[in-house]
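Okay, so here's the structure we're looking at.
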Amino acid sequence: MTGATRVLVLNAGSSSVKYQLIDMVDGTRLAAGLVERIGEHAGRLVHTPHGGDRREAVRPFADHAAALKAVAEELAADGRGLDSPELAAIGHRVVHGGKRFTAPTVVTDEVLTEIRRLVPVAPLHNPANITGIEVARGLRPDLPQVAVFDTAFHTTIPEHAARYAIDTAVADRHRVRRYGFHGTSHQYVSRATARLLGRDPAELNVIVLHLGNGASASAVAGGVCVETSMGLTPLEGLVMGTRSGDVDAGVVFHLHRVGGLSVDEIDDLLNRRSGLLGLAGENDMREILRRVEEQDDPAARLALDAYVHRLRKYLGAYYAVLGRVDAIAFTAGVGENAAPVRAAATAGLTELGIVVDPELNSVRSTEARVISAEYSRVTVAVVPTDEELEIAQQAFTLVHPSH
Ligand code: AMP
């Protein structure tokens with residue numbers, strides 16, 4: 001491969017920017033870092049060049065423009081500045097692509113306008129993603145900026161699964177439907193699972209369990225997503241670090257009418273003070289597991305049991321949705337590291353052809369690996385996710401289709 005082979009991946013959040021510079025020849029991370037607490041007094045930039053020492057700067061970054069300028073300076077200090085002819089594209093993580101964006105898309109003015117139109121359905125995420133794109137465009141107006149959408153992989157979900165059973169006209173007027181999130185991760189992991197098994201993704205049915213601080217499950221049939229657990233927003237589905245996942249929508253009316261909470265307070269409660277945090281005062285699964293093991297702490301036990309119970313409900317549901325399951329893939333912080341959660345989620349499912357080998361499950365590794373017994377009809381695997389690499393690959397393929 002010659003010419004421009006590098007992609008800068010940007011993930012702009014409301015007060016942070018994460019980035020990686022990846023060489024697409026072999027996937028080498030030439031640099032990785034983040035700027036956090038943008039707009040606050042004590043901002044922080046951490047930058048790690050490939051093969052070099054980690055650099056840290058604690059100073060204010062007034063806005064995203066200042067943060068990205070600082071990132072550009074760090075990259076330039078390594079001799080890999082944004083003006084480098086080797087840079088092929090900048091890939092942007094964009095959370096919400098609605099129904100329109102079914103694939104990675106080169107950003108034009110019209111595309112930006114459309115992403116802006118989606119702000120009402122993703123008020124917490126899309127504005128920061130848009131700012132990231134605008135600032136990056138300002139720094140390198142000639143370079144392709146590619147938007148890679150968290151929702152895109154889920155746009156294949158059939159209408160009967162994407163619709164909420166509410167009045168169609170009301171739903172359509174307000175674009176209320178199930179979009180799903182973490183799509184880049186589900187896509188990457190479902191393909192990586194096929195690779196691990198030496199199979200063609202087109203012939204494999206996989207349940208992907210993305211268990212990070214946010215968590216979601218998806219059912220992928222022959223490489224195509226047919227169901228996922230998150231909905232209009234990332235609130236639906238599994239019990240998460242701070243999100244409740246599924247609740248009866250009546251809970252919202254009740255808390256408002258009887259409890260006197262405002263809509264914003266309920267939003268805050270369900271998105272930021274629920275899940276493991278709400279049940280046990282702690283959103284980190286490591287700490288929950290420690291409290292269960294060392295102290296037999298009842299609140300931590302309840303949180304763990306509720307988390308696992310919801311996960312098993314989705315596993316069973318997606319088994320029925322797919323009809324035949326070839327593989328189950330655990331990924332993200334909890335899925336990749338928490339053997340007790342994987343064991344509990346799959347225990348007693350021999351009748352479904354799911355048998356995890358305790359020894360394989362307890363192996364600690366950063367590699368993709370099978371953890372099911374040899375005779376298990378369904379292969380259970382741990383498959384580390386790599387959203388940045390997937391974004392870089394999708395962006396690169398779009399601007400260099402020949403590679
Ligand atoms: P992510 O959002 O994918 O970065 O996942 C973050 C979450 O993974 C943390 O909040 C922890 O709860 C969980 N996690 C990370 N390492 C471990 C571990 N060794 N055991 C259990 N949970 C872990």
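In what follows, every heavy atom counts, from backbone to side chain, and hydrogens, waters and symmetry copies are set aside. The chain is numbered in sequence order, starting from 1. We count ligands from 1, going down the list as the structure has it; atoms in each ligand are counted the same way.
Taken to the nearest 0.5 Å, the CG atom of Asp83 stands 10.5 Å off from the CG atom of Leu75.
Ring pair His96/Phe101: centre-to-centre distance not below 6.0 Å. Ring-centre distance between His154 and His182: not below the 6.0 Å cut-off.
Ranking protein heavy atoms by distance to atom 2 (O) of ligand 1, first place goes to Asn213 N, 2.9 Å. Summary of contacts: the protein heavy atom closest to atom 19 (N) of ligand 1 is Asn337 CB, 3.3 Å. The single protein non-hydrogen atom nearest to atom 12 (O) of ligand 1 is Met285 N, 2.7 Å, given as residue, atom name and distance. In terms of protein heavy atoms, atom 13 (C) of ligand 1 is closest to Val334 CG2, 3.6 Å. When hydrogens are left out, the protein atom nearest atom 20 (N) of ligand 1 is Arg286 CG, 3.3 Å; that is the closest non-hydrogen contact.
Interface of Ala338 with ligand 1, defined as ligand atoms under 4.0 Å from a residue heavy atom, comprises 21 (C). Residue-ligand proximity, Gly212 to ligand 1, at heavy-atom distances under 4.0 Å covers atoms 1 (P), 2 (O), 3 (O), 5 (O). Atoms of ligand 1 lying under 4.0 Å from any heavy atom of Ala332, numbered from 1 in the order shown and given with element: 3 (O). Against a heavy-atom cut-off of under 4.0 Å, Asp284 is close to the following atoms of ligand 1: 11 (C), 12 (O).
In terms of polar-atom proximity, Gly333 is counted as a contact of ligand 1, with an N or O under 3.5 Å from an N or O of the ligand.
A salt bridge (charged side-chain N to carboxylate O under 4.0 Å, His left out) with Glu110 holds for exactly one of Arg116, Arg117, Arg100; it is Arg100.
Between Arg290 and Asp284 there is no salt bridge, since no side-chain N of the basic residue sits under 4.0 Å from a carboxylate O of the acidic one. Note on Asp297 versus Arg301: no salt bridge recorded, every NZ/NE/NH1/NH2 to OD/OE distance being 4.0 Å or above.
Taking the salt bridge (charged side-chain N to carboxylate O under 4.0 Å, His left out) definition, one finds that Glu359 meets it with nothing, sequence neighbours left out.
Protein non-hydrogen atoms do not reach within 4.0 Å of atom 4 (O) of ligand 1.
Ring planes of Tyr318 and Tyr314: perpendicular class, angle over 60° (limits at 30 and 60°).
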